[in-house]
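Order of listing sets the numbers, starting from 1, for every ligand and every atom in it. Residues: numbered from 1 along the sequence shown.
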Amino acid sequence: MSPSLDIQKVAVIGCGSMGGNMALLFAEKGIDVSLQDPDEKTMDNIVSAAKKQGFGERVKQYNDYDSLCASLSSPKVLIFSLPHGSVGDTVLSGLTPYLNKGDIIIDCGNEHWENTERRQGKSVTRGIRYVGAGVSGGYQAARLGPSICPGGDDESLDCVMPFLEKVAAKDDKGRSCVGKVGTGGSGHYVKMVHNGVEHGMMCAISEAWGIMEKGLGMSFEEIGQVFDDWNKDGPLAGTFLVAIGARICRTRNDAGKKVLSEVEDKVVQDVTGEEGTGIWSNAEGVSLHVPAPTLTTAHYLRLASAYRDTRILAQETIGGGFEPQRFGVNDHAGFINYLRTATYLACLVSYIQGINIIEQADKENGWNIDYSAVLQIWRAGCIIQADHISSLLRPEFVNFRQRKSMNLLFEPRVMKELRSGFDELKRVILAATEADHIVPSLSASLEYIKYETNTNLPTQFYEAELDLFGKHMFDKKDEPDTGGPTEGRHHFEWKPAKGAA
Ligand SMILES: NC(=O)C1=CN([C@@H]2O[C@H](COP(=O)(O)OP(=O)(O)OC[C@H]3O[C@@H](n4cnc5c(N)ncnc54)[C@H](OP(=O)(O)O)[C@@H]3O)[C@@H](O)[C@H]2O)C=CC1
Ligand SMILES: O=C(CO)[C@H](O)[C@H](O)COP(=O)(O)O
C-alpha cells in the first residue's frame, strides 16, 4: 500500500509571484509555511500579507537551508517555485546535505522535463522523492488555487496527492484540478504542452481581437461585449482566455484611459529566456514528428513581435508595411459568429495538436499518462480551461484506456466540429487576408484541417523533386499503401548525372 501523507508543514523556495502567492494559499489552508528566497524584502512582504490576511502565525522566513529544513517535520516537504534551468540544480545541491530518506521535493516551476528526470534520478539514489508538478493559472490562481500537473513515481505521487488536492483549483463540481499524470517528467511535460496550447489559443483570440478592432472598427468596449458573449455560451463558453479578453478590453487606468491602448505589441519572454515552455513544446512537436502548426505559428509571431526594432527596419526597407485595413461586412452579427467559430476551431486544433505531442512523447518515454487526469487538470484553474472543449473531449479522455490512439483527428464527434466550422473559418480568413490582417494561427489551423484530412497533397511534386536531385525514392500511387512513413521503393532516372565534357 502506497503512503499518503497528512502534510502540515512545507517550505516554499522561490517566493516570487507564483511561490509567494502559493505560500499564502497554503497558509490559508492551515499549513505552516517556511519561506526561502534570496530577497529578504520579498519574504517580508509575504509575511506581512499573511499577517494582514489573518494567518501570519503560519508563515515564517529563513535565510539558510539549515534553519529552513530544521523548521519542517519529517518527512520534509519542499516546494520549488524557481526559474527553470540551473537555479533548481543549485538549490537541490545546496539542500541535499539537509535532506533525509523519504523527504519530498515538489517542483512547481516550469522546469524542462529532462531536468526533472535527471533530478529524479539523482534524488532517488538518496531516497528523496522528486515530483515535477507544473502549476498553471498565473499568480491569481496561485493565490486562489492553481491547476496542478504532477508527475513522478507512483508512491511519491500518492504521498503528495492529498496535499495537492487540498490546495488545487476546484471545478464546478468541487473536484480538484490535479491528478496523477504519469511517471518521470510527465507532469512537467504535460504542463509544457499546456503552455504550447495556451500560445495557440491566445494567438487565435488576439487575431480575432485585431480583426474586430482594425477590420470592423469596433471599440474596445464593443469587443469586450463580444468576448463576454462568447464566454457565456456556444463553442467558446467558459474559455478563460476569452473571459480575461473581455476584462482587458474594459479596464481603465487611474487617468481613465484604456490600459490596452497603451500596451506595446511585443512578447519577449521566449527571447529573454524567462519562459522555455513555448520553445520546448514546439521543438518537441518537430522532433517527435507531430505537426503542430497552430502552436508553432503562434510561437513565430511571438518571436517576430519581440524584435520590434527589426520590424521597424524591415518596414522602412520595404517602403511601408501592409497595414490591416477596415473592411465592410453585410451582416455584422453574422460575421462575428463566423469569427467565433474560427477562433473556436483554432483553439480546438491547438488542443488536438498538443494531445498528439503528448501521446507521442508518452509512447517514447513510457510514462503511462492518465489522460482522464490530464483533462481534470485542464478543467479549471489553468490558462487553457475551456468548458465546451472539455465537455466535447470528455468521452475520449475518460475512456482513454479503451482507445488505440488519442489522436482526436480519428474521432468522428471532434471531426464533425471541424467540418461544420470549416467554411466559416475560411470566410474569416478570406476577408481578413483580403484586408491585410495578420492571421497566422487562424490560417495555420485552416491549413492543418485541410492537409491532415487530404490524401492527394502537393507533396506528390515535392517527392518527385527530391527523387530527381537526391535519389530519395518514392512510392507509386497504384501500389497498396505501406501504412506508415516507410522509405519509397522506386527511383526514376529523371536526369542522368553527366560531366561537363
Ligand atoms: N508567472 C506565471 O504566470 C507562472 C510561472 N510559472 C513558473 O513558476 C516559476 C516561478 O515563476 P514566477 O513566480 O513568475 O517567477 P519570479 O521570478 O517572480 O519568482 C522566482 C523567485 O525565485 C527566486 N530565486 C531565484 N534564485 C533562487 C534561489 N537560488 N533560491 C531561492 N529562490 C530563488 C527569485 O528571486 P530573485 O528575483 O531575487 O532572483 C524569485 O523571487 C517559474 O518556473 C515559472 O516559469 C508557472 C506558472 C505560471
Ligand atoms: O506557465 C504559465 C501559465 O500556465 C505562464 O504564465 C505562461 O505560460 C506565460 O508564459 P509566456 O510568458 O511564455 O506566455
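Within a 4.0 Å radius of atom 15 (O) of ligand 1, the protein contributes no heavy atom. There is a protein heavy atom less than 4.0 angstrom from atom 32 (N) of ligand 1. Under the 4.0 Å distance rule, the nearest protein heavy atom to atom 19 (O) of ligand 1 falls inside the cut-off. Atom 6 (O) of ligand 2 is never approached by the protein to below 4.0 angstrom, counting heavy atoms only.
The shortest N or O to N or O distance between Asp270 and ligand 2 is not under 3.5 Å. Considering backbone and side-chain atoms alike, Met18 places an N or O below 3.5 Å from some N or O of ligand 1. Distances between N or O atoms of Thr277 and those of ligand 2 include no value under 3.5 Å. Looking at ligand 1, you'll find an N or O of Leu82 within less than 3.5 Å of one of its N or O atoms.
The atoms of ligand 1 that sit less than 4.0 Å from any heavy atom of Val87 are 26 (N), 27 (C), 29 (N). Counting the atoms of ligand 1 from 1 in the order shown, those under 4.0 Å from a heavy atom of Gly109 are 8 (O), 9 (C), 43 (O). Near Val135, the atoms of ligand 1 lying under 4.0 angstrom from a non-hydrogen atom of the residue are 46 (C), 47 (C). Those atoms of ligand 1 that come under 4.0 Å of a heavy atom in Gly138, given as number and element, are 3 (O). For ligand 2 and Gln269, the ligand atoms under 4.0 Å from any heavy atom of the residue are 12 (O). Shown in contact with Val91 at under 4.0 Å from a heavy atom are these atoms of ligand 1, numbered in order with element: 28 (C), 29 (N), 30 (N).
A salt bridge between Asp309 and Lys266 is absent, with no side-chain N of the basic residue lying under 4.0 Å from a carboxylate O of the acidic one.
Heavy atoms of Thr90 stay at 4.0 angstrom or farther from ligand 1. Within the 4.0 Å heavy-atom cutoff, Lys191 counts among the residues contacting ligand 1.
Between Trp378 and Tyr351, the ring centre distance stays below 6.0 Å.
Residues forming a side-chain contact (heavy atoms from CB on, under 4.5 Å) with Glu198 (at least two apart in sequence, or on another chain): His194, Asn195, Met202, Ile383, Ile384.
Considering every non-hydrogen atom in both Ile46 and Gly20, the closest pair reads CD1-CA, 3.5 Å.
Checked by atom type, the side-chain pair Thr294/Ser445 shows a donor-acceptor distance below 3.5 Å.
Here the protein heavy atom with the shortest distance to atom 10 (O) of ligand 2 is Glu275 CD, 3.3 Å.
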